[in-house]
Novice: 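Please find one structure pasted underneath; my questions will follow.
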Amino acid sequence: MIRERRNKEKLASYYKKFMEEGIIDHNVHPWVAESWQRCRAMYLPNGDMARVNNKMSKEETAEHRKMHELVVRYVDGLYEQNKQHFNTHNLSMLLIDENGYIIKNYAMPFFQRAIDNIQGMRVLEEDIGTSSICIAREHNVPFLMFGPEIWLKDSHSGDACSAPICVNGKLRYIISFFFLDHDDLPYDLLLSLLLTMKYAIETHLSMMEYWTVSKIMVEQLPVTVYWIDKNGGIRYCNESGRKRLEGKDKLEDVFLNHEHIPIKKALQGVSTQRREITWINQDRTYEDITTVMPIKVCSEVESALVLTMSIEDLKTTLAHATGYSSRYSLYSMVGETTEFRALQHKASRISRTSYNILLQGEPGTGKQRLAHGIHQASNRAASPLIVVRCNNGPIEELEKEFFGRTDGEPVSGKLELSIGGTLFLDEVEKMPVEMGDKLADALIHGITNKETGVNKKFNVRVIAACDSNLNRLTDKGLFSRNLHEVITDTTICVLPLRERVKDIEVIADHILAEMSAQHNLPPKKLSDAAVKLLLNYTWPGNIKQLQGVIEQAFFHTPGSVIEEENIKMPSDNTLEKSWKYDKEAFIAAWKAAGGNISKLANMLAVSRVTLYRYLKKYGF
């Protein structure tokens, strides 16, 4: 609160009346009056600063000053710009922290007569009594206080004005002026200086906070950053940028193709957005997605900002950000039969190699979970697991899915996303021969960039899952022989559930435990009769079908024990040859298989090719 000049003699009489009689004159400012009364209640002496004992040690004061070095350095600069005015008007200034401790004094402090060094001293109301500092701190507003209103008599020869320094609504510092009483003193100009310094310090602190957060982001994000001036000098670069520079001062001293990087265009005001650019130095090549933007000051381009990221790192980051990671371990698959333990052991052993793998088995046997487990157990576990559900759609769409597109906004394909990790091809038998040949060629020889002529190899491990006999399909020319050779470094056959009946109870219990943990519900178990019911079924849909039955029973059983009557078993899918002649019988089988070709083929014990013929016959 900036106040008009007051009559000092009257103010002195109000002070004397209160000190001698304890009476507050109604002309005393209410904030000052409240503070006087509190000081009187504390029996606070009103002599001089020499009596103040709440002060940091020399070592603590030095550490305190160091802790606030950034703001001190800035206030030093403000003071230097106005030093002449401070000297001309015998003006003093204090910088105080939010707890009331003096960080630094500038010019000749008003109480240096009483004490040699006031830095590190606390100047709250309970220490020095009523002052503009305590009023500004309590009410969070600038406050001008005239000499006779100050509690300490030693300070009545001058006036004081203090202003809180706030950032994001929180008090950070207090800046305080003290000036001796002169009739010709330009109060308005001095108070304007105080408020200007308050604004400058608050803005500086806000910018410093913004810059600190921005710097952390720039350092932590997987991107290389350069801020370049008109002469090509680097005004700033992050750690990633410093590594690429290898101690050099300019990009042109490092990158052989510097002229092809669109920095000059940016300095001419033309931005380049997310363009694929190759950065070439003496030892290696960086294939990046690069953005270069002009930085304008008062509508003039003064510098350029370069943001560039390795495509390989970008794909890995995006893959993780979008959840391209394994959800299951090898030990999330359970079983006690010799056959299952042999499969689990083989998968664990193969996962540590670099072999591509074909998982062969009926639908619902857990091939996808097994693929996740193999990836997680491999040395590629920290890299993405990219899943592609194969289909026989248009070749152009499949190419975009696997290889991405470069027209318009560049879109990365699944093959690039899986660099360093695993590409899982689910239902690989559905992939058209032509697409299989192209994918195999890319995996073996890489892809050559038409613009740069650079050949890119793909460090990718392939795990493929097949519901049918892939050898037979390949021999009949229905599947790419080249891709077949790529993905069959080793083959793991996953047994159907009917051939591991002893594992049914173990798997069911495991599903129940997963359901309980996933939905934060009390655990449930199967009764003996319920287990017997499950064991007596053939499970043509394998583990996936069993899981559906168990999940339904879990949610429809009110108690903790699932009885036989709580389980809704699938309808009997045992079919005679009638489906070959009766469309209704075929439709019934089709519905029982849930519209899944592979599942229906297993149910009817025929090939997928035969099924496609009957689908056409019945008009599906």
Novice: Should the pair His204 and Tyr74 be assigned to parallel (<30°), tilted (30 to 60°) or perpendicular (>60°) ring geometry?
Specialist: parallel

Novice: Looking only at non-hydrogen atoms, find the nearest pair between Leu245 and Leu251 and report the distance.
Specialist: CD2-CD2, 3.7 Å

Novice: Nearest 0.5 angstrom please: Ile228 CD1 to Arg235 CZ, how far?
Specialist: 11.5 Å

Novice: Are more than 12 heavy atoms, taken from residues, nucleotides or ligands other than Gln81, located less than 6.0 Å from that residue's CD atom?
Specialist: no

Novice: Mind checking whether Ile374 and Leu330 have side chains closer than 4.5 Å, heavy atoms only?
Specialist: yes

Novice: I want to check something: taking the side chain as every heavy atom from C-beta on, are Leu70 and Arg73 in contact at a cut-off of under 4.5 Å?
Specialist: yes

Novice: Between Asn379 and Arg461, do the side chains contain an N or O donor and an N or O acceptor separated by less than 3.5 Å?
Specialist: no

Novice: Can you measure from CG (Leu305) to CD1 (Ile295) and round to the nearest 0.5 angstrom?
Specialist: 5.0 Å

Novice: Do you know which two heavy atoms are closest between Ala160 and Ser132, and how far apart they sit?
Specialist: CB-OG, 3.5 Å

Novice: So, do Tyr101 and His68 have ring centers that fall under 6.0 Å from each other?
Specialist: no

Novice: Does Glu202 reach the main-chain N or O of Cys166 with its side chain, forming a donor-acceptor pair under 3.5 Å?
Specialist: yes

Novice: Quick one: are the ring centres of Phe177 and Tyr106 less than 6.0 Å apart?
Specialist: no

Novice: Run through Asn281, Ile280, Asp253, Ile263 and flag the one making a side chain to side chain contact (heavy atoms under 4.5 Å, CB included) with His258.
Specialist: Ile263

Novice: Evaluate side chain to side chain donor-acceptor pair (under 3.5 Å) for Asn231 paired with Asp229, printing each intermediate quantity in order.
Specialist: CA-CA 5 Å; Asn231 300 318; Asp229 62 26; 4.8 Å; no

Novice: Do Asp127 side-chain atoms and Leu124 backbone N/O form a donor-acceptor pair below 3.5 Å?
Specialist: yes

Novice: Spell out, as yes or no, whether a donor-acceptor pair under 3.5 Å connects the side chain of Asn238 to the backbone of Val223.
Specialist: yes

Novice: So with a 6.0 Å cut-off around CD of Glu21, is the heavy-atom count from everything else above 12?
Specialist: yes

Novice: I need the Glu514 CD to Ser332 OG distance, nearest 0.5 Å.
Specialist: 6.5 Å

Novice: Let me confirm one number: the OG-NE2 distance from Ser329 to His372, rounded to the nearest 0.5 Å.
Specialist: 12.0 Å

Novice: I would like to know whether Gln37 and Phe18 meet side-chain contact (heavy atoms from CB on, under 4.5 Å); could you show each step before the answer?
Specialist: CA-CA 9 Å; Gln37 289 172 327; Phe18 176 75; 4.3 Å; yes

Novice: Search all heavy atoms of Leu423 against all heavy atoms of Lys414 and return the closest pair with its distance.
Specialist: CD1-O, 4.3 Å

Novice: Heavy-atom count around Glu69 CD within 6.0 Å, excluding the residue itself: above 12?
Specialist: yes

Novice: Looking only at the side chains, is there a donor atom on one of Glu209 and Asn168 sitting less than 3.5 Å from an acceptor on the other?
Specialist: yes

Novice: Using a strict threshold of under 4.0 Å (side-chain N to carboxylate O), is an ion pair present between Glu259 and Lys264?
Specialist: yes

Novice: Is there side-chain contact between Glu276 and Ile289, with at least one heavy-atom pair below 4.5 Å?
Specialist: yes

Novice: Using modelled atom types only, decide if a donor and an acceptor are shared between the side chain of Tyr226 and the backbone of Gly241 within a distance under 3.5 Å.
Specialist: yes

Novice: Quick one: do the Thr224 and Trp279 side chains pair a donor with an acceptor below 3.5 Å?
Specialist: no

Novice: Dump the intermediate steps for side-chain contact (heavy atoms from CB on, under 4.5 Å) on Tyr15 and His156, then the final yes or no.
Specialist: CA-CA 10 Å; Tyr15 178 84; His156 285 193; 3.4 Å; yes

Novice: Where is the tightest heavy-atom contact between Glu287 and Thr278, given as atom of each residue plus distance?
Specialist: CG-OG1, 4.3 Å

Novice: Within a radius of less than 6.0 Å around NZ of Lys230, do more than 12 heavy atoms belonging to other residues, nucleotides or ligands occur?
Specialist: yes

Novice: Can you give me the closest heavy-atom contact between Pro384 and Ser418, atom names plus distance?
Specialist: CG-CA, 4.4 Å

Novice: Within the 4.5 Å heavy-atom criterion, are Ile175 and Met93 side-chain neighbours or not?
Specialist: yes

Novice: Are any side-chain N or O atoms of Lys198 and backbone N or O atoms of Pro164, one a donor and one an acceptor, separated by less than 3.5 Å?
Specialist: yes

Novice: Are His375 and Phe424 close enough that their ring centres sit under 6.0 Å apart?
Specialist: no

Novice: Does atom OH (Tyr236) have a neighbourhood of more than 12 heavy atoms from anything else shown, all under 6.0 Å?
Specialist: yes

Novice: Less than 4.5 Å apart, side chain to side chain, heavy atoms only: is that true for Arg380 and Asn459?
Specialist: yes

Novice: Show your reasoning for whether side-chain contact (heavy atoms from CB on, under 4.5 Å) applies to Met145 and Thr130.
Specialist: CA-CA 10 Å; Met145 180 173 284; Thr130 306; 3.6 Å; yes

Novice: Hey, are Asp25 and Lys10 close enough for a salt bridge, meaning a charged N less than 4.0 Å from a carboxylate O?
Specialist: no

Novice: Does Val32 offer a backbone N or O that forms a donor-acceptor pair with the side chain of Ser35 under 3.5 Å?
Specialist: no

Novice: Please lay out, stage by stage, how Val123 and Ser131 fare under the test side-chain contact (heavy atoms from CB on, under 4.5 Å).
Specialist: CA-CA 9 Å; Val123 286; Ser131 70; over 6 Å; no

Novice: Is there side-chain contact between Phe179 and His89, with at least one heavy-atom pair below 4.5 Å?
Specialist: no

Novice: Within the 4.5 Å heavy-atom criterion, are Tyr286 and Thr308 side-chain neighbours or not?
Specialist: no

Novice: Between Trp36 and Val28, is there a donor-acceptor pair closer than 3.5 Å when you use the side chain of the first and the backbone of the second?
Specialist: no

Novice: Out of curiosity, Ile135 CD1 to His29 NE2, how far, rounded to the nearest 0.5 Å?
Specialist: 8.0 Å

Novice: State, with a plain yes or no, whether a side-chain heavy atom of Arg172 is found less than 4.5 Å away from one of Glu98.
Specialist: no

Novice: Between Lys215 and Glu219, is there a salt bridge with N-O shorter than 4.0 Å?
Specialist: no

Novice: Walk me through it: do Arg242 and Glu239 pass the test salt bridge (charged side-chain N to carboxylate O under 4.0 Å, His left out)?
Specialist: CA-CA 5 Å; Arg242 288 189 287 274; Glu239 179 62 26; 3.1 Å; yes

Novice: Write down the atom of Gly120, the atom of Thr61, and the distance for their closest heavy-atom approach.
Specialist: CA-OG1, 3.8 Å

Novice: In Å, rounded to the nearest 0.5 Å, how long is the span from CD1 of Ile133 to CD1 of Ile96?
Specialist: 3.5 Å

Novice: Taking atom CE of Met42 as the centre, report whether more than 12 heavy atoms of other residues, nucleotides or ligands fall under 6.0 Å from it.
Specialist: yes

